[in-house]
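Remarks on the structure that follows.
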Amino acid sequence: MKKRNKIVKINIIKIINADPTEIGKKIIEHGINEKNIIDRLTPDIIKSGTWKNKRIRSYDVKINVPNISGGKIHFVNQALQYIKRIWLDMGFKEMTGTLVQTSFWDLDALFVPQDHPARDMQDTFYIKDPKYGKLPKELVKKVKAAHENGFTTGSKGWQYKWSDLVAKENLLRTHNTVLSVQTLAKLKKQDLPAKFFSVGKVFRNETLSWKSLFEFIQVEGIVVDPNANFMHLKGYLKEFFAKMGFPDVRIRPAHFPYTEPSAEVDVFHPVKNQWVELGGSGIFRPEVVKPLLGLEVPVLAWGLGMERTIMEYYNIKDVRDVYKNDLKQLRESKIWMK
Amino acid sequence: MPTITINRKVFEGLVGKKLPTEKLKDRISMLGTDLESMGEKEIIVEVFPNRPDMLSVQGFARAFSSFIGHKTGLRHYKVEPSHEKMVVDKSVADVRPYTACAIIKNIHFDDEKIKEVIDIQEKLHITYGRNRKKVAIGIYPFEKIKTPIKFLAQNPKDIIFQPLEFNKEMSALEILEKHPAGKSYGHLLRGKKKFPVFRDANNEVLSVPPIINSHKTGKINEKTKDIFIECSGFDFNVMKKCLNMIVCALAEMNSKIYSMELIYGNKKYTTPDLRPEEMKVDINYINKLLGLNVKENEIKKLFEKMGYNYKNKKVLIPAYRADVIHQVDLAEDIAIAYGFENFKSIIPNVATIAEENKFEIFKNKVSNLLVGLDLMETSTYNLTNKESQCKKMNVDLQLIELSNSISSDYNILRSWIIPSLMEILRSNKHHEYPQKIFTIGTIFKKNDKFETNIEENERLAVAIASDNTDYTEIRQILDYLFRSLGLKYEILETEHNSFITGRVGRVIASGKKIAYIGEINPAVLTQWELEVPVTAFELNLTELYEIIKK
């Protein structure tokens, strides 16, 4: 019949019969005295005390009730608040900043050469108008020197002619490392040691699909400590991921133009039973730190993607569903229980 | 990022040692190359952009063999003088000022080797050469060339030759329009009065860099024994490095490297120069940065595992390495040689005071108040489109556009938030009403008082969709919010095309206009295909927080 749905319309009717049980029959025989049973307790009944001589009708307490739903914090924000809590518990200060940045802060101050493939149009969203922003006067000279000849770090630099026009180009921040850079530029020697984190959106010029987003959450952190070393980097990451439910963390060699050493961060996924890559990390190069801070101090740094972990927690398979705002999904979603 | 496909047999021959597959996989990824796939015959690895010298099976095997402790230390490649000359005319100064050259002899080509050589050339073009912009590499059968060779710039109309894989002669200008290589790389020369050209002693064209070789003098085949190599571009040091990477890879094919004399006016240079570079190294610096305590003799061994030599606090860096510009680069290689897996995890005992951003705290408080009123928080994108921001909302606004978004649905930065909530209401029409939602997000406006000439504000938008929502209901929410924050406000009558005339207000606090509130215009509802009334407000939280701070 289902195959003929153009000709036949199916009506499914459910018939419920109710017959009194033996007890029910006895009650009917004795006759129901409505006057001695209270259906609903009212203020009048309570005040007058009439309930004392009567019986309150029993309910079927096992019965299902219609769903209700209240207001909720969006599940991504619940997760982000937990992530923030972890860094705060470890003594980190929160960094915030704008989403539109100049290339100067996002790339140049990070010693990314101006002809680096990562600066290609295809990965980064650039702004049409206003195409350019302004540059911080004093710092520009130092960053330019870092690129051209290594500044006073003893480095050779990239040995090319640095252009301030390229650095002025506005873009949507590609990583929250831009906030770390701006923090370093404001930091003073007497503030050390210092630890900072940020949790926020970053952008990549991609089409929306089940596995890619054009804006997503990145967790960023830096430790500015004259005594910091590579083992501490591993330590902070391990602590963070343990609290996220991944006790095993591994680092592998990687490359970023602004860190040396650079490391890919993997966690062991207990369900998938394999290593999963969740971010990048390293120690900022002297060519990054010295122009910004005025002195050479090891700065441990990491940038971690969070959508995948959040998706898994909520059993979401399509990354677009994270920001779909389906009200049924939001009303029924469980709360972040970590 | 660039990947290379490696013939496993060739690789194992070059490494000089065969490892079990699991071990091989592990070592490749711990060397600092990303293993893409491992097959019986082929291995595909991703090489990071700082190591262009590893973009060949030869270069990769060289690094790998040292890393596993098989053939460690600096490799010596012998360079014999050929006494052949390259004369660089001053006319190239404006178009492509530098070239570095070499001759490789006794290379026994077969199909596999030709493929390997072309592969090295292509990978270097894409990466280190930045798509030929920074470096272009030319490889020629030396037998077909009469020396000395000239590098000069000429009017493109006067450069006539048969380009590679074409059967007729044409001018350099025609090549730019007709030849596939001309179409791909023509932008690097187009508009220039003169084009760079290599010509041999018979005035025969060898190539027009960075575009194309001549079919006659610039095509290698199985019969080729000796080859001439040139790198051309804008920085002599970059040319020399690139040349070194190529000749050191080719030398691993049992061939011999011969130098050439480059004559730049009255200056003479000989390339390739494979003498290692020296760098002073401070072992304490490396130990401190990595948290290690490795003694000098141990450091020496670690350097050798990465292809360096170490002697008397100095490191000899192979001539093919282009990435060592500070001793921190050496520190990273020590870390790789030591093994990333061998570093302990330590949390140091350092006291720092945590601090959450105050504005973030404030935003959370606002969200919690609204959640207490049974409103559902949503999370929306910063990117949207003009139709959503303007047309569907019955308004015309100045928007900030992205210059290169690949998606037309997300090509502008939003200038207000209510449209994002309208979108949510539209996509939730099949779900139960009432729908009470809110979101906090950033809006973008041109303002030259800011560093980027764009001002960003955080705004709260609230929307209620239900059969019986009205101005009172939405106003009660705003009122509750202000009372809970201990703030006073007033509402003035206003006009706004997205709202119903006479049912829209402008909210003022401390003399600042900080919100619109009202019932959404049915014309707007229809645009969004909504069939229930909607009420909404949008409040500037950045401004509101400034008021509270005062």
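Note on naming: letters A, B, ... go to the chains in the order of the sequence lines (proteins, then strands), and numbering restarts at 1 for each one. These figures come from a predicted structure and were not determined experimentally.
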**Request:** Taking the side chain as every heavy atom from C-beta outward, state whether Ser403(B) and Ile127(A) have any pair of such atoms under 4.5 Å apart.
**Result:** no
Using only atom types and a distance under 3.5 Å, with no angle test, would you say the side chain of [X] pairs donor to acceptor with the backbone of [Y]?
| X | Y | value |
| --- | --- | --- |
| Asn404(B) | Thr124(A) | yes |
| Glu355(B) | Glu94(A) | no |
| Lys134(A) | Asp448(B) | yes |
| Asn357(B) | Thr96(A) | no |
| Asp326(A) | Asn428(B) | no |

**Message:** Can you tell me which portion of Phe196(A) sits under 4.5 Å from chain B's heavy atoms? Options are side chain, backbone, both or neither.
**Reply:** neither
**Asked** Given a strict heavy-atom distance threshold of 4.5 Å, which part of Lys238(A) is in contact with chain B: side chain, backbone, both, or neither?
**Response** side chain
Minimum heavy-atom distance [X]-[Y], with the two atoms named:
| X | Y | value |
| --- | --- | --- |
| Phe48(B) | Ala254(A) | CE1-CA, 3.5 Å |
| Phe125(A) | Leu402(B) | CD2-CD1, 3.5 Å |
| Pro286(A) | Val328(B) | CD-CG1, 3.8 Å |
| Ile347(B) | Met90(A) | CD1-SD, 4.5 Å |

Quick check on the interface: out of [options], who has the most heavy-atom pairs with chain A under 4.5 Å?
| options | answer |
| --- | --- |
| Ile424(B), Thr439(B), Ile406(B) | Ile406(B) |
| Lys133(B), Glu432(B), Glu360(B), Lys436(B) | Glu360(B) |
| Ala354(B), Ser29(B), Pro49(B) | Ala354(B) |
| Leu383(B), Ile336(B), Thr442(B) | Leu383(B) |
| Val238(B), Asn368(B), Leu290(B) | Leu290(B) |
| Asn237(B), Ile334(B), Ile353(B) | Ile353(B) |

**Message:** Heavy-atom pairs under 4.5 Å with chain B: which of Asp115(A), Val249(A), Ile73(A) has the most?
**Reply:**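 Top count of heavy-atom pairs under 4.5 Å with chain B: Asp115(A).
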**Contact leader toward chain B among Lys168(A), Gln101(A), Glu206(A), Arg285(A), where contacts are heavy-atom pairs under 4.5 Å** = Arg285(A)
**Prompt:** Does any donor atom in the side chain of Asn382(B) or Glu215(A) lie under 3.5 Å from an acceptor atom in the other side chain?
**Reply:**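 The criterion, which ignores hydrogens and geometry beyond distance, is satisfied for Glu215(A) and Asn382(B).
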**Under 3.5 Å side-chain donor-acceptor pair for Asn77(A) and Glu377(B)** = yes
**Request:** Using ring pair (Phe, Tyr, Trp, His ring centres under 6.0 Å) as the criterion, list what pairs up with Tyr128(B), not counting sequence neighbours.
**Result:** none
**Request:** Test Tyr160(A) against Phe234(B) for ring pair (Phe, Tyr, Trp, His ring centres under 6.0 Å), laying out the working first.
**Result:** CA-CA 10 Å; Tyr160(A) 73 105; Phe234(B) 300 88; over 10 Å; no
**Message:** Checking Phe214(A) against Tyr381(B) for the ring pair (Phe, Tyr, Trp, His ring centres under 6.0 Å) test, could you report, in this order, the C-alpha distance in whole Å, the side-chain angles of both residues, the deciding distance, and whether it holds?
**Reply:** CA-CA 9 Å; Phe214(A) 51 80; Tyr381(B) 297 124; 4.8 Å; yes
**Prompt:** Would you call Arg250(A) and Glu341(B) a salt bridge, taking side-chain N to carboxylate O under 4.0 Å as the test?
**Reply:** no
**Message:** With a 4.5 angstrom heavy-atom cut-off, is it the side chain or the backbone of Asp235(B) that approaches chain A, or both, or neither?
**Reply:** side chain
